[in-house]
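Here is the structure we will look at.
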Amino acid sequence: LILCIPALLTCTAQPAHRTGEGASTTSKHKPAVWKVIPAEYRCWYIRYDSTIWCWNNASAYPVEFPIGGNKAVTGAGGFNYFRVIDNHGSLWNSVLDIIPRSVRIAEDTLGRPFDGNWYVDAFAHTCVTIRADSSIWYLGVDAFSLFYPKGNLVLMTGAKMKPTQLSPPGMKFKKVVFGGFRVVALTTRGEVYEWTYGNHTPHKMIIPRPATDIFASHLDMAGCIVPDPGEHSGMGYPYVWGGRNSMYGSSIPFTQPTSVKALWKVRVPIKEITTSSNTVHYIDSLGRMFGIGFNSAGEIGNGHEFVNQYNYPHFPDYAFTFNDYENPTGAPPIQVGAGIVWKHLWSNNFYTLYTYAQDIDGNLYSWGRNKRDRKSVV
(Lines give C-alpha, C1' and ligand atoms only; values in the text may rest on other atoms or scores of the structure.)
Protein backbone atom coordinates (compact mmCIF):
# COMPACT_ATOMS: atom_id res chain seq x y z
CA LEU A 1 0.00 0.00 0.00
CA ILE A 2 1.30 3.47 -0.88
CA LEU A 3 -0.03 6.61 0.74
CA CYS A 4 0.97 9.78 -1.11
CA ILE A 5 1.20 13.17 0.54
CA PRO A 6 -0.57 15.80 -1.61
CA ALA A 7 1.29 18.28 -3.75
CA LEU A 8 1.51 20.88 -0.98
CA LEU A 9 4.43 18.85 0.34
CA THR A 10 6.18 18.73 -3.01
CA CYS A 11 9.45 20.59 -2.79
CA THR A 12 10.32 23.27 -5.31
CA ALA A 13 12.74 25.32 -3.25
CA GLN A 14 16.46 24.59 -2.90
CA PRO A 15 17.52 23.40 0.57
CA ALA A 16 18.78 26.14 2.85
CA HIS A 17 22.17 25.71 4.48
CA ARG A 18 21.85 24.45 8.04
CA THR A 19 24.03 22.64 10.52
CA GLY A 20 23.38 19.75 12.86
CA GLU A 21 20.42 18.24 11.00
CA GLY A 22 22.00 16.46 8.06
CA ALA A 23 19.88 18.31 5.54
CA SER A 24 22.02 17.44 2.52
CA THR A 25 21.15 14.42 0.40
CA THR A 26 23.22 12.10 -1.77
CA SER A 27 20.30 11.15 -4.02
CA LYS A 28 19.59 12.60 -7.44
CA HIS A 29 16.28 14.05 -6.22
CA LYS A 30 15.62 16.82 -3.72
CA PRO A 31 13.14 15.32 -1.22
CA ALA A 32 10.14 17.39 -0.20
CA VAL A 33 10.81 16.93 3.51
CA TRP A 34 14.05 17.06 5.46
CA LYS A 35 12.67 16.50 8.98
CA VAL A 36 9.62 14.79 10.49
CA ILE A 37 8.31 15.76 13.94
CA PRO A 38 6.09 12.95 15.26
CA ALA A 39 3.76 13.30 18.24
CA GLU A 40 1.20 10.78 19.53
CA TYR A 41 -1.55 11.31 16.96
CA ARG A 42 -0.13 14.22 14.97
CA CYS A 43 2.93 14.69 12.82
CA TRP A 44 4.57 17.77 11.31
CA TYR A 45 6.82 17.93 8.26
CA ILE A 46 9.56 20.52 7.78
CA ARG A 47 10.02 21.10 4.06
CA TYR A 48 13.23 22.05 2.35
CA ASP A 49 12.04 25.66 2.30
CA SER A 50 12.03 25.44 6.14
CA THR A 51 8.25 25.79 6.46
CA ILE A 52 6.20 23.47 8.71
CA TRP A 53 3.15 21.54 7.49
CA CYS A 54 0.59 19.24 9.10
CA TRP A 55 -2.88 17.82 8.57
CA ASN A 56 -4.87 19.81 11.10
CA ASN A 57 -8.36 19.03 12.46
CA ALA A 58 -9.34 16.68 9.63
CA SER A 59 -8.09 19.08 6.94
CA ALA A 60 -8.18 17.54 3.49
CA TYR A 61 -4.76 18.96 2.69
CA PRO A 62 -1.78 19.82 4.87
CA VAL A 63 -1.71 23.34 6.26
CA GLU A 64 1.25 25.52 7.19
CA PHE A 65 1.99 26.31 10.83
CA PRO A 66 3.43 29.83 11.15
CA ILE A 67 6.45 30.70 13.28
CA GLY A 68 6.52 34.45 12.86
CA GLY A 69 7.68 34.38 9.26
CA ASN A 70 10.94 32.71 10.28
CA LYS A 71 12.56 29.50 9.06
CA ALA A 72 12.40 26.26 11.03
CA VAL A 73 15.85 24.92 11.98
CA THR A 74 14.88 21.89 14.08
CA GLY A 75 12.05 20.61 16.23
CA ALA A 76 10.67 17.91 18.51
CA GLY A 77 7.18 16.61 19.27
CA GLY A 78 5.42 17.32 22.54
CA PHE A 79 2.07 15.82 23.54
CA ASN A 80 0.42 16.43 20.16
CA TYR A 81 2.13 19.77 19.64
CA PHE A 82 5.58 20.73 18.43
CA ARG A 83 8.52 22.60 19.91
CA VAL A 84 10.39 24.23 17.01
CA ILE A 85 13.49 26.43 16.93
CA ASP A 86 13.67 29.08 14.21
CA ASN A 87 16.69 30.57 12.45
CA HIS A 88 16.93 33.29 15.13
CA GLY A 89 17.24 30.76 17.96
CA SER A 90 13.72 31.33 19.29
CA LEU A 91 11.55 28.45 20.52
CA TRP A 92 7.94 28.07 19.31
CA ASN A 93 5.06 25.88 20.47
CA SER A 94 2.21 24.94 18.16
CA VAL A 95 -1.32 25.40 19.50
CA LEU A 96 -4.10 22.84 19.09
CA ASP A 97 -6.78 24.96 17.49
CA ILE A 98 -9.00 25.16 14.42
CA ILE A 99 -6.67 27.78 12.94
CA PRO A 100 -3.02 26.65 12.85
CA ARG A 101 -0.97 28.94 15.06
CA SER A 102 2.13 28.93 17.24
CA VAL A 103 3.37 30.92 20.23
CA ARG A 104 6.95 31.91 21.02
CA ILE A 105 8.61 31.28 24.38
CA ALA A 106 9.79 34.86 24.88
CA GLU A 107 11.70 34.86 28.16
CA ASP A 108 13.41 32.69 30.74
CA THR A 109 12.60 32.37 34.43
CA LEU A 110 14.49 35.61 35.19
CA GLY A 111 12.70 37.61 32.49
CA ARG A 112 15.63 37.62 30.06
CA PRO A 113 15.09 36.93 26.32
CA PHE A 114 15.04 33.21 25.68
CA ASP A 115 17.06 33.09 22.46
CA GLY A 116 20.22 31.46 21.12
CA ASN A 117 18.66 27.98 21.11
CA TRP A 118 19.94 25.49 18.53
CA TYR A 119 18.79 22.07 19.82
CA VAL A 120 15.49 20.88 21.32
CA ASP A 121 13.94 17.68 22.69
CA ALA A 122 10.49 17.21 24.19
CA PHE A 123 8.63 14.66 26.30
CA ALA A 124 4.87 15.27 26.64
CA HIS A 125 4.69 18.70 28.32
CA THR A 126 8.38 18.91 29.30
CA CYS A 127 11.12 20.36 27.11
CA VAL A 128 14.90 20.87 27.01
CA THR A 129 17.01 23.03 24.73
CA ILE A 130 20.72 23.67 24.22
CA ARG A 131 21.73 27.29 23.78
CA ALA A 132 24.65 29.07 22.14
CA ASP A 133 26.97 28.54 25.12
CA SER A 134 26.20 24.77 25.06
CA SER A 135 24.20 24.93 28.29
CA ILE A 136 21.00 22.87 28.79
CA TRP A 137 17.73 24.64 29.65
CA TYR A 138 14.61 22.97 31.04
CA LEU A 139 11.03 24.24 30.73
CA GLY A 140 7.37 23.30 30.70
CA VAL A 141 5.89 20.91 33.26
CA ASP A 142 8.47 19.72 35.80
CA ALA A 143 7.24 16.12 35.76
CA PHE A 144 10.77 14.94 36.64
CA SER A 145 10.80 17.11 39.81
CA LEU A 146 14.23 18.47 38.94
CA PHE A 147 13.33 21.86 40.42
CA TYR A 148 9.98 21.43 42.19
CA PRO A 149 8.49 18.54 44.21
CA LYS A 150 5.45 16.41 43.40
CA GLY A 151 6.08 15.94 39.68
CA ASN A 152 4.43 12.84 38.22
CA LEU A 153 5.98 11.02 35.23
CA VAL A 154 2.91 8.83 34.71
CA LEU A 155 0.34 11.63 34.65
CA MET A 156 2.94 14.12 33.33
CA THR A 157 1.93 16.71 35.91
CA GLY A 158 4.02 19.09 37.99
CA ALA A 159 4.95 22.72 38.45
CA LYS A 160 4.86 24.80 35.27
CA MET A 161 8.22 26.42 34.62
CA LYS A 162 9.69 29.06 32.40
CA PRO A 163 13.08 28.15 30.89
CA THR A 164 15.67 27.52 33.61
CA GLN A 165 19.27 26.39 33.22
CA LEU A 166 19.60 22.71 34.12
CA SER A 167 23.25 22.00 33.37
CA PRO A 168 25.91 23.00 35.91
CA PRO A 169 27.79 26.23 35.09
CA GLY A 170 30.65 25.73 32.67
CA MET A 171 29.59 22.31 31.38
CA LYS A 172 29.09 22.14 27.61
CA PHE A 173 26.65 19.78 25.92
CA LYS A 174 25.84 18.82 22.34
CA LYS A 175 22.77 16.61 22.79
CA VAL A 176 20.14 15.86 25.45
CA VAL A 177 17.20 13.43 25.26
CA PHE A 178 14.26 12.55 27.47
CA GLY A 179 13.34 9.07 28.58
CA GLY A 180 10.50 7.99 30.80
CA PHE A 181 12.90 7.37 33.70
CA ARG A 182 15.73 9.82 33.07
CA VAL A 183 17.15 12.72 31.09
CA VAL A 184 20.35 11.74 29.27
CA ALA A 185 22.91 14.25 28.00
CA LEU A 186 26.10 14.11 25.93
CA THR A 187 28.88 16.64 26.51
CA THR A 188 31.04 18.14 23.79
CA ARG A 189 33.85 15.92 25.13
CA GLY A 190 31.80 12.74 24.69
CA GLU A 191 30.91 12.24 28.37
CA VAL A 192 27.45 10.86 29.19
CA TYR A 193 25.39 12.14 32.12
CA GLU A 194 21.87 11.45 33.35
CA TRP A 195 19.38 13.22 35.59
CA THR A 196 16.92 10.99 37.42
CA TYR A 197 13.64 11.89 39.10
CA GLY A 198 13.97 14.41 41.91
CA ASN A 199 17.74 14.88 41.56
CA HIS A 200 19.00 18.17 40.14
CA THR A 201 22.61 16.89 40.10
CA PRO A 202 23.63 14.95 36.97
CA HIS A 203 25.25 11.54 37.40
CA LYS A 204 28.18 10.62 35.15
CA MET A 205 27.98 7.25 33.43
CA ILE A 206 31.06 5.05 33.03
CA ILE A 207 32.02 4.42 29.39
CA PRO A 208 35.32 3.18 27.92
CA ARG A 209 35.76 5.97 25.34
CA PRO A 210 33.99 9.22 24.43
CA ALA A 211 30.49 8.62 23.07
CA THR A 212 29.20 10.06 19.79
CA ASP A 213 25.44 9.74 20.38
CA ILE A 214 22.82 8.96 23.03
CA PHE A 215 19.28 7.56 23.15
CA ALA A 216 16.66 6.93 25.86
CA SER A 217 13.38 5.05 25.98
CA HIS A 218 9.95 5.79 27.41
CA LEU A 219 10.63 2.59 29.36
CA ASP A 220 13.51 2.00 31.78
CA MET A 221 16.29 1.77 29.20
CA ALA A 222 18.87 4.18 27.79
CA GLY A 223 22.03 3.97 25.77
CA CYS A 224 24.92 5.61 24.00
CA ILE A 225 27.04 4.97 20.92
CA VAL A 226 30.74 4.43 21.61
CA PRO A 227 33.34 4.07 18.82
CA ASP A 228 35.76 1.18 18.82
CA PRO A 229 39.42 2.09 19.37
CA GLY A 230 40.77 3.85 16.29
CA GLU A 231 37.30 4.62 14.86
CA HIS A 232 37.14 8.25 13.70
CA SER A 233 34.00 8.24 11.53
CA GLY A 234 31.74 9.60 14.26
CA MET A 235 29.94 6.25 14.35
CA GLY A 236 30.20 3.45 16.88
CA TYR A 237 28.50 0.62 18.73
CA PRO A 238 25.66 0.47 21.30
CA TYR A 239 26.09 0.49 25.07
CA VAL A 240 22.85 0.24 27.09
CA TRP A 241 21.62 0.33 30.67
CA GLY A 242 18.32 0.23 32.54
CA GLY A 243 15.97 -2.12 34.37
CA ARG A 244 13.78 -3.06 31.38
CA ASN A 245 16.31 -5.55 29.99
CA SER A 246 13.70 -7.43 27.94
CA MET A 247 13.57 -4.37 25.70
CA TYR A 248 17.23 -4.70 24.74
CA GLY A 249 17.25 -8.50 24.75
CA SER A 250 19.48 -9.18 27.75
CA SER A 251 18.80 -11.86 30.34
CA ILE A 252 19.86 -9.45 33.11
CA PRO A 253 19.56 -5.67 33.55
CA PHE A 254 22.62 -3.44 33.27
CA THR A 255 23.12 -0.62 35.79
CA GLN A 256 25.96 1.00 33.83
CA PRO A 257 26.49 1.34 30.07
CA THR A 258 27.29 -2.16 28.80
CA SER A 259 28.21 -3.19 25.28
CA VAL A 260 25.53 -5.11 23.38
CA LYS A 261 27.56 -5.26 20.18
CA ALA A 262 27.84 -9.05 20.41
CA LEU A 263 24.32 -9.58 21.77
CA TRP A 264 22.84 -7.51 18.94
CA LYS A 265 25.27 -8.98 16.39
CA VAL A 266 26.20 -5.53 15.15
CA ARG A 267 28.75 -6.04 12.37
CA VAL A 268 29.34 -2.47 11.24
CA PRO A 269 29.08 0.81 13.18
CA ILE A 270 25.80 2.63 13.78
CA LYS A 271 25.34 6.09 12.23
CA GLU A 272 21.86 7.02 13.52
CA ILE A 273 19.69 5.67 16.36
CA THR A 274 16.30 6.59 17.85
CA THR A 275 13.63 5.28 20.21
CA SER A 276 9.85 5.18 20.05
CA SER A 277 7.48 4.25 22.88
CA ASN A 278 8.44 0.59 22.73
CA THR A 279 11.34 0.18 20.32
CA VAL A 280 14.87 1.10 19.36
CA HIS A 281 15.68 1.53 15.66
CA TYR A 282 19.05 2.27 14.10
CA ILE A 283 20.66 2.73 10.71
CA ASP A 284 24.14 1.31 10.26
CA SER A 285 27.00 2.51 8.08
CA LEU A 286 25.72 0.38 5.17
CA GLY A 287 22.33 2.10 5.22
CA ARG A 288 20.51 -0.90 6.72
CA MET A 289 17.82 -0.42 9.38
CA PHE A 290 17.20 -2.67 12.37
CA GLY A 291 14.63 -2.62 15.21
CA ILE A 292 14.36 -4.21 18.66
CA GLY A 293 11.83 -3.91 21.47
CA PHE A 294 8.14 -4.62 22.03
CA ASN A 295 6.09 -5.32 18.93
CA SER A 296 2.46 -5.31 20.08
CA ALA A 297 1.09 -2.98 17.41
CA GLY A 298 3.60 -3.44 14.61
CA GLU A 299 6.12 -0.99 16.07
CA ILE A 300 9.10 -2.83 14.57
CA GLY A 301 7.83 -2.44 10.99
CA ASN A 302 8.60 -5.98 9.83
CA GLY A 303 5.01 -6.93 9.02
CA HIS A 304 4.17 -8.60 12.34
CA GLU A 305 2.10 -7.51 15.33
CA PHE A 306 0.61 -9.03 18.48
CA VAL A 307 -2.64 -7.07 18.33
CA ASN A 308 -5.39 -8.52 16.11
CA GLN A 309 -4.19 -12.09 16.62
CA TYR A 310 -6.69 -14.72 17.75
CA ASN A 311 -5.03 -15.06 21.17
CA TYR A 312 -5.05 -11.30 21.91
CA PRO A 313 -7.74 -9.76 24.17
CA HIS A 314 -10.71 -8.24 22.29
CA PHE A 315 -9.92 -10.13 19.04
CA PRO A 316 -11.17 -9.64 16.31
CA ASP A 317 -11.37 -5.94 17.22
CA TYR A 318 -8.24 -3.79 16.97
CA ALA A 319 -8.16 -2.90 20.66
CA PHE A 320 -4.58 -2.47 21.83
CA THR A 321 -4.47 -2.40 25.64
CA PHE A 322 -1.46 -0.06 25.60
CA ASN A 323 0.26 -2.32 28.10
CA ASP A 324 4.01 -1.95 28.15
CA TYR A 325 6.32 -4.92 27.75
CA GLU A 326 4.08 -6.99 25.44
CA ASN A 327 5.61 -9.20 22.74
CA PRO A 328 9.35 -8.49 23.04
CA THR A 329 11.30 -9.31 19.89
CA GLY A 330 14.43 -10.29 21.79
CA ALA A 331 17.98 -9.95 20.50
CA PRO A 332 19.38 -9.54 17.93
CA PRO A 333 17.44 -6.68 16.34
CA ILE A 334 15.32 -7.43 13.26
CA GLN A 335 16.25 -5.94 9.89
CA VAL A 336 13.51 -3.67 8.52
CA GLY A 337 13.11 -2.88 4.82
CA ALA A 338 15.83 -5.12 3.43
CA GLY A 339 17.03 -3.78 0.10
CA ILE A 340 16.22 -0.16 0.95
CA VAL A 341 19.15 2.15 1.69
CA TRP A 342 18.03 4.23 4.68
CA LYS A 343 19.13 7.76 5.50
CA HIS A 344 17.22 9.16 8.51
CA LEU A 345 14.96 8.05 11.38
CA TRP A 346 12.42 10.06 13.40
CA SER A 347 10.28 9.05 16.37
CA ASN A 348 8.97 10.25 19.71
CA ASN A 349 9.14 8.09 22.80
CA PHE A 350 6.12 9.48 24.66
CA TYR A 351 3.35 7.05 23.64
CA THR A 352 3.86 7.81 19.98
CA LEU A 353 2.13 5.37 17.70
CA TYR A 354 4.32 5.72 14.60
CA THR A 355 7.97 5.81 13.58
CA TYR A 356 9.16 7.50 10.38
CA ALA A 357 12.18 6.88 8.17
CA GLN A 358 13.60 8.32 4.96
CA ASP A 359 15.56 6.53 2.27
CA ILE A 360 18.43 8.02 0.27
CA ASP A 361 16.02 9.10 -2.47
CA GLY A 362 14.00 11.20 -0.03
CA ASN A 363 11.00 8.86 0.20
CA LEU A 364 9.30 8.80 3.60
CA TYR A 365 7.97 5.65 5.28
CA SER A 366 6.01 5.12 8.49
CA TRP A 367 4.80 2.17 10.54
CA GLY A 368 3.07 1.51 13.84
CA ARG A 369 -0.48 1.08 15.11
CA ASN A 370 -2.78 -0.47 12.50
CA LYS A 371 0.10 -0.15 9.99
CA ARG A 372 2.51 -2.91 10.89
CA ASP A 373 4.27 -2.91 7.50
CA ARG A 374 6.35 0.10 6.62
CA LYS A 375 4.46 2.12 3.99
CA SER A 376 5.59 4.94 1.79
CA VAL A 377 3.98 8.25 2.71
CA VAL A 378 5.74 10.45 0.16
Side-chain angles (χ1 to χ4, degrees), residues 2-39 42-78 80-105 115-122 127 129-130 132 272 274 341-348 354-366 375-378:
I2 298 176
L3 306 176
C4 295
I5 289 179
L8 277 175
L9 286 183
T10 300
C11 178
T12 57
Q14 292 297 314
H17 174 72
R18 55 179 66 86
T19 59
E21 286 294 339
S24 63
T25 177
T26 57
S27 75
K28 61 183 178 181
H29 304 293
K30 293 297 183 185
V33 172
W34 66 266
K35 187 174 181 65
V36 181
I37 304 175
R42 289 173 177 251
C43 182
W44 289 264
Y45 303 87
I46 302 181
R47 300 193 336 170
Y48 260 84
D49 60 2
S50 298
T51 56
I52 308 167
W53 296 79
C54 176
W55 276 270
N56 188 60
N57 289 298
S59 54
Y61 297 97
V63 293
E64 184 178 356
F65 274 69
I67 52 171
N70 301 314
K71 295 182 179 295
V73 171
T74 188
N80 288 319
Y81 59 95
F82 66 59
R83 313 271 197 169
V84 162
I85 294 174
D86 68 21
N87 55 318
H88 300 293
S90 296
L91 180 67
W92 296 79
N93 291 346
S94 62
V95 177
L96 290 178
D97 207 343
I98 296 175
I99 300 173
R101 61 191 182 95
S102 308
V103 296
R104 183 170 64 89
I105 307 300
D115 52 18
N117 299 284
W118 58 268
Y119 174 91
V120 62
D121 192 43
C127 181
T129 70
I130 301 178
E272 189 166 321
T274 190
V341 181
W342 298 100
K343 179 184 175 185
H344 285 310
L345 279 163
W346 297 283
S347 62
N348 182 314
Y354 304 101
T355 297
Y356 292 77
Q358 187 178 54
D359 66 22
I360 59 168
D361 291 319
N363 301 303
L364 287 178
Y365 299 76
S366 70
K375 296 180 175 66
S376 174
V377 295
V378 122

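Not measured: the values here are computed from a predicted model. Counting begins at 1 with the first residue of the sequence. Worth knowing before you read on, the calculation uses all heavy atoms, side chains too, and leaves out hydrogens, waters and symmetry mates.
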Is there side-chain contact between Trp34 and Tyr45, with heavy atoms separated by less than 4.5 Å? no
Can you tell if the side chain of Asp359 reaches within under 4.5 Å of the side chain of Lys343, non-hydrogen atoms only? no
Those residues at least two apart in sequence (or on a different chain) that pass side chain to side chain donor-acceptor pair (under 3.5 Å) with Arg104 are none
Looking only at heavy atoms, the pair that brings Val33 and Gln358 closest together is O-NE2, 2.9 Å
Closest approach of Trp118 to Ala132 (non-hydrogen atoms, all atoms of both residues): CD1-N, 3.9 Å
Pairwise distance CG(Asp115) to CD1(Ile105) - rounded to 0.5 angstrom: 13.0 Å
Whether Tyr356 and Tyr354 hold their rings parallel, tilted or perpendicular, with breakpoints at 30° and 60°: perpendicular
Run the numbers on Thr51 and Trp53 for side-chain hydrogen bond (donor to acceptor under 3.5 Å, both in side chains), then give the verdict. CA-CA 7 Å; Thr51 56; Trp53 296 79; 2.8 Å; yes
Of the non-hydrogen atoms in Ala76 and Ile37, which two are nearest, and what is the gap between them? C-CG2, 3.3 Å
Any side-chain heavy atom of Cys127 sitting closer than 4.5 Å to one from Val120? yes
May I ask you to check whether Trp44 and Phe82 place their ring centres under 6.0 Å from each other? yes
Where do Thr274 and Ser347 land on the side-chain hydrogen bond (donor to acceptor under 3.5 Å, both in side chains) test, with the steps shown first? CA-CA 7 Å; Thr274 190; Ser347 62; 2.7 Å; yes
Nearest heavy-atom neighbours spanning Ile67 and Lys71: CD1-C, 3.8 Å
Applying side-chain contact (heavy atoms from CB on, under 4.5 Å), run through Trp342 and Ile360 and close with a yes or a no. CA-CA 6 Å; Trp342 298 100; Ile360 59 168; over 6 Å; no
Side-chain heavy-atom pair Tyr48, Ser50 within 4.5 angstrom cut-off: no
Least distance between heavy atoms, Pro38 atom then Asn348 atom: O-ND2, 3.1 Å
Atom CD1 in Ile46, atom OG1 in Thr74: separation rounded to 0.5 Å? 6.5 Å
Show your working on side-chain contact (heavy atoms from CB on, under 4.5 Å) between Ser366 and Thr355 and close with a plain yes or no. CA-CA 5 Å; Ser366 70; Thr355 297; over 6 Å; no
Scan Asn117, Asn93, Asp121 and name whichever one has a side chain to side chain donor-acceptor pair (under 3.5 Å) with Arg83. Asn93
Quick one: are the ring centres of His344 and Trp346 less than 6.0 Å apart? yes
In the structure I gave you, are the side-chain heavy atoms of Leu91 and Val84 within less than 4.5 Å of one another anywhere? no
Can you name the closest pair of heavy atoms from Phe65 and Arg101 and give their distance? CD2-O, 4.0 Å
